[in-house]
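In what follows, chains are A, B, ... by sequence order, proteins preceding strands, each numbered from 1.
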Number of protein chains: 2
Amino acid sequence: MSENSKTLRFGILGCANIARKVARAIALAPNATLCAIASRSREKAEKFAAENGFPATVRVYGSYDQVLEDPCVDAVYLPLPTSLHVRWAVMAASKKKHVLVEKPVALDVAELDRILDAVESNGVQFMDGSMWLHHPRTAHIQRLFSVPHSASSVGPVRFIHSTSTMPATPEFLESDIRVKPELDGLGALGDLAWYCIGASLWAKGYQLPTSVTALPDSTRNDSGVIVSITASLLWDQPNQTFATIHCSFLSHTSMDLAICGSNGSLHLRDFIIPYGETSASFDLTLGAKFVDLHIGWNVRPEEVHVANELPQEALMVQEFSRLVAGIRDCGSKPSTKWPEISRKTQLVVDAVIKSLELGCKPVCL
Amino acid sequence: MSENSKTLRFGILGCANIARKVARAIALAPNATLCAIASRSREKAEKFAAENGFPATVRVYGSYDQVLEDPCVDAVYLPLPTSLHVRWAVMAASKKKHVLVEKPVALDVAELDRILDAVESNGVQFMDGSMWLHHPRTAHIQRLFSVPHSASSVGPVRFIHSTSTMPATPEFLESDIRVKPELDGLGALGDLAWYCIGASLWAKGYQLPTSVTALPDSTRNDSGVIVSITASLLWDQPNQTFATIHCSFLSHTSMDLAICGSNGSLHLRDFIIPYGETSASFDLTLGAKFVDLHIGWNVRPEEVHVANELPQEALMVQEFSRLVAGIRDCGSKPSTKWPEISRKTQLVVDAVIKSLELGCKPVCL
């Protein structure tokens with residue numbers, strides 16, 4: 001088997017800022033390579049290729065269709081505005097290209113299902129761009145939930161709180177793609193809450209919540225797009241768990257994730273983008289009690305460091321490429337894990353929207 | 001002026017566990033002394049005095065009335081169950097005793113107003129037992145809000161999240177005073193949420209929220225007392241601020257406080273009871289942005305340490321005693337700061353109850 005047959009060849013549809021990060025990740029992943037970049041104009045694509053130092057082997061196209069027609073392209077990465085995902089993901093799948101789609105995947109679950117139907121019927125792999133799920137810190141933490149009742153486990157999860165906030169400039173709030181109704185109509189709910197909803201589902205082993213409730217602080221820009229939102233998720237069974245998420249373009253940068261179980265708690269403050277590229281940490285507190293007279297604690301949080309050789313986005317590309325290699329070289333079926341995660345996340349996004357429409361009433365799932 | 005005339009002489013009504021901590025605080029505070037302890041039985045009071053090594057000068061009484069009749073007692077500390085506060089606080093005030101009342105102060109604001117009317121008409125000082133407000137860390141953090149727009153300020157507060165949770169034993173949930181309807185009918189909302197509501201109000205400079213909403217996860221024990229509750233507070237003006245609080249007897253120990261402004265954020269994980277007695281810390285992040293390509297952050301949180309010579313509960317006693325000395329020795333009026341803080345906290349507690357009764361609808365204040 002030649003190196004080429006093991007290396008997944010990516011085409012990128014669009015020159016968004018996030019495409020720079022993922023192009024670098026493709027270059028860093030040992031089993032992937034970038035082979036094509038397209039913009040709606042060839043000039044823009046050429047400029048993007050030059051600015052990002054793409055090798056001369058990368059083909060530069062002035063239309064997305066040309067990438068999909070290129071037989072050398074195995075998979076595409078879609079950093080396009082959300083409203084364009086369904087069209088280009090479905091078309092890519094129909095051309096037997098595997099698809100890595102930036103989050104939020106779709107404007108609603110009906111759109112997402114069109115994408116998932118297309119990838120399923122064409123036998124290609126699907127994954128969304130939630131990079132943090134691929135960091136080894138994430139897997140490390142997950143093991144702390146896996147033994148429900150032991151001194152080294154946080155125990156059944158009772159409460160989850162997460163935030164994703166950033167201080168947008170007035171220009172951003174006026175004109176950025178992420179707050180344009182015709183491009184990213186979900187606003188902060190799509191761009192930011194996708195992570196917090198995903199983290200809440202992850203902490204609950206991807207059990208869907210019983211109900212989802214938008215809280216009464218959502219803020220919209222002049223175009224009606226959500227720029228700040230808080231919501232809660234309630235799980236009734238087997239143990240009650242409650243999650244709050246807060247996402248906003250109107251606050252200082254934060255990416256907090258706190259998970260409290262019956263026996264321990266975890267705190268991260270950089271759960272979406274780690275502070276640095278070579279390791280990430282979290283704080284773990286197990287079996288905390290107050291000392292006699294309640295004048296202090298018996299333990300302090302332990303800072304646990306988890307090293308990573310590759311940045312989390314390169315690990316994402318590597319995992320995606322590994323799955324595709326399995327399909328191509330070993331006759332494996334596409335993994336359903338990643339489509340299912342995306343779909344559950346989207347179902348909760350949809351429920352938040354519905355709760356907002358109902359005046360913040362709980363929406364059952 | 002003799003030392004005695006400057007030293008506030010405390011009587012304690014009741015031998016609850018928390019009374020041990022406050023008796024120690026009275027001993028540690030340079031301007032206070034313990035002079036009487038009472039229980040409903042003299043035997044119990046004697047046992048408590050012996051177990052806690054009270055000096056022989058401390059008078060031991062078999063009824064609360066005897067403390068109130070003792071002319072040597074300047075002030076009383078009330079660690080009694082909440083349902084008894086109004087009776088004994090009003091009676092203490094009528095006997096011209098200054099009153100330090102354990103939180104929650106009352107079952108509702110009508111009861112609290114009876115206490116505040118009594119202390120006002122008798123010219124005595126009132127304070128509730130929110131110890132964390134007296135830690136120098138609290139004042140240190142407050143300065144970070146005081147300059148609304150500077151690089152060293154967190155800027156206008158956008159979001160506040162706090163928790164107060166502890167893993168209660170089955171025995172506690174069955175029979176502890178704090179979950180008995182006839183003793184502490186507010187359950188976790190009184191015992192734990194008092195702190196989180198207080199912290200939210202404090203972070204907003206004691207501006208009352210526009211509305212308060214209970215969230216749909218509240219849990220009650222078999223007697224109908226709240227053992228777990230989440231709620232949100234919304235401020236509309238001058239900048240929108242949103243706060244979530246989560247309080248539970250069903251989770252691992254946590255005392256998280258996160259405050260996110262437009263330019264910075266603060267995180268504490270021991271805001272109610274610091275990990276240790278001689279210093280406390282908080283994490284401060286100012287002006288955080290992502291580095292190019294969004295592969296990391298430009299800054300990491302700074303851990304800020306604040307030393308304290310006395311434990312926060314001794315600082316509370318010292319401040320209370322200082323105010324009383326001002327009244328007694330300098331003709332000052334009782335400070336209205338502390339009654340106002342308690343009253344605003346109680347108004348929010350009442351609003352959470354009302355929201356629960358309305359099926360988690362927002363309640364305007």
Side-chain angles (χ1 to χ4, degrees), chain A residues 17-18 20-21 24 154-155 158-159 161 163 165-167 211 213 215-217 219 228 230 232 234 240-242 244 246 248 250-254 256 258 260-265 267 269-270 273-277 283 285-290 293-297 299-301 311 313 360 362, chain B residues 17-18 20-21 24 154-155 158-159 161 163 165-167 211 213 215-217 219 228 230 232 234 240-242 244 246 248 250-254 256 258 260-265 267 269-270 273-277 283 285-290 293-297 299-301 311 313 360 362:
Chain A
N17 218 17
I18 186 76
R20 296 171 58 220
K21 182 175 184 174
R24 175 174 173 269
V154 300
R158 305 292 196 202
F159 189 72
H161 174 68
T163 72
T165 65
M166 53 173 274
S211 68
T213 311
L215 304 191
D217 69 321
T219 307
S228 183
T230 310
S232 68
L234 173 67
Q240 181 175 297
T241 307
F242 198 61
T244 51
H246 172 69
S248 177
L250 308 175
S251 282
H252 181 247
T253 306
S254 77
D256 294 353
C260 196
S262 59
N263 185 56
S265 59
H267 291 82
R269 282 211 289 277
D270 60 346
I273 299 176
Y275 290 125
E277 280 209 292
D283 280 1
T285 312
L286 291 173
K289 290 176 186 158
F290 302 120
L293 290 174
H294 285 207
I295 55 175
W297 297 48
V299 292
R300 299 194 184 206
E313 56 273 18
C360 298
Chain B
N17 218 17
I18 186 78
R20 296 171 58 217
K21 182 175 183 174
R24 175 174 173 266
V154 301
R158 304 294 196 201
F159 188 73
H161 174 67
T163 71
T165 64
M166 54 173 274
S211 67
T213 311
L215 304 191
D217 70 322
T219 306
S228 183
T230 310
S232 67
L234 174 67
Q240 182 175 297
T241 308
F242 198 60
T244 50
H246 172 68
S248 177
L250 308 175
S251 282
H252 182 247
T253 306
S254 77
D256 293 353
C260 196
S262 59
N263 184 56
S265 58
H267 291 81
R269 283 210 289 278
D270 59 348
I273 298 176
Y275 289 125
E277 280 210 291
D283 280 1
T285 313
L286 290 173
K289 290 176 186 160
F290 302 119
L293 290 175
H294 285 208
I295 56 174
W297 299 48
V299 290
R300 298 193 185 206
E313 55 273 16
C360 298

| For B:Ile18, is it the side chain, the backbone, both or neither that has a heavy atom under 4.5 Å from a heavy atom of chain A? | neither
| When heavy-atom pairs shorter than 4.5 Å are enumerated against chain B, which of A:Cys360, A:Ser254, A:Gly264 gives the highest number? | A:Gly264
| task | Look at the rings of B:Phe159 and A:His161 and say which category their plane angle falls in: under 30° parallel, 30 to 60° tilted, over 60° perpendicular. | result | parallel
| request: Could you tell me which portion of B:Phe242 (side chain, backbone, both or neither) has an atom closer than 4.5 angstrom to a non-hydrogen atom of chain A? | output: side chain
| Measuring heavy-atom distances to chain A, does B:Ile295 have an atom under 4.5 Å in its side chain, in its backbone, in both, or in neither? | both
| Who wins among B:Leu286, B:Thr219, B:Val299, B:Thr230 for the most heavy-atom pairs under 4.5 Å with chain A? | B:Thr230
| query | Nearest 0.5 Å, what's the NE2-CG distance between B:His267 and A:Asp283? | reply | 11.0 Å
| task | Apply side-chain contact (heavy atoms from CB on, under 4.5 Å) to A:Val154 and B:His252, showing your working. | result | CA-CA 8 Å; A:Val154 300; B:His252 182 247; over 6 Å; no
| request: Please look at B:Ser251 and chain A and tell me whether the side chain, the backbone, both or neither of the residue comes under 4.5 angstrom of a heavy atom of that chain. | output: both
| Top contributor to chain B interface from A:Pro216, A:Ser248, A:Ser211 [non-hydrogen pairs under 4.5 Å] | A:Pro216
| Would A:Thr213 and B:Leu215 count as a side-chain contact (heavy atoms from CB on, under 4.5 Å) if you check the C-alpha gap in whole Å, the side-chain angles of each, and the deciding distance to 0.1 Å? | CA-CA 8 Å; A:Thr213 311; B:Leu215 304 191; over 6 Å; no
| said: Which one wins on heavy-atom pair count under 4.5 Å against chain A: B:Pro167, B:Pro274, B:Ser232? | reply: B:Pro274
| said: So which residue, A:Glu277, A:Arg269, A:Lys21, ends up with the most heavy-atom pairs under 4.5 Å with chain B? | reply: A:Arg269
| remark: Turns out that what part of A:Thr165 lies under 4.5 Å from chain B's heavy atoms comes down to side chain
| request: Heavy-atom pairs under 4.5 Å with chain B are the metric here; pick the option from A:Lys289, A:His246, A:Arg24, A:Arg300 that has the most. | output: A:His246
| said: Could you report the tightest heavy-atom contact between B:Gln240 and A:Asp217, atom names first, then the distance? | reply: NE2-O, 2.8 Å
| Region of B:Ser265 that comes under 4.5 Å of a non-hydrogen atom in chain A | both
| query | Relative to chain B, which segment of A:Asp270 carries a heavy atom at a distance below 4.5 Å: side chain, backbone, both, or neither? | reply | both
| said: Between B:Asn263 and chain A, with a heavy-atom cut-off of 4.5 Å, which part of the residue counts as in contact: side chain, backbone, both or neither? | reply: backbone
| So which part of B:Thr241 gets closer than 4.5 Å to some heavy atom of chain A, the side chain, the backbone, both or neither? | neither
| query | Picking from B:Ala288, B:Ser228, B:Gly296, which has the most non-hydrogen pairs under 4.5 angstrom with chain A? | reply | B:Ala288
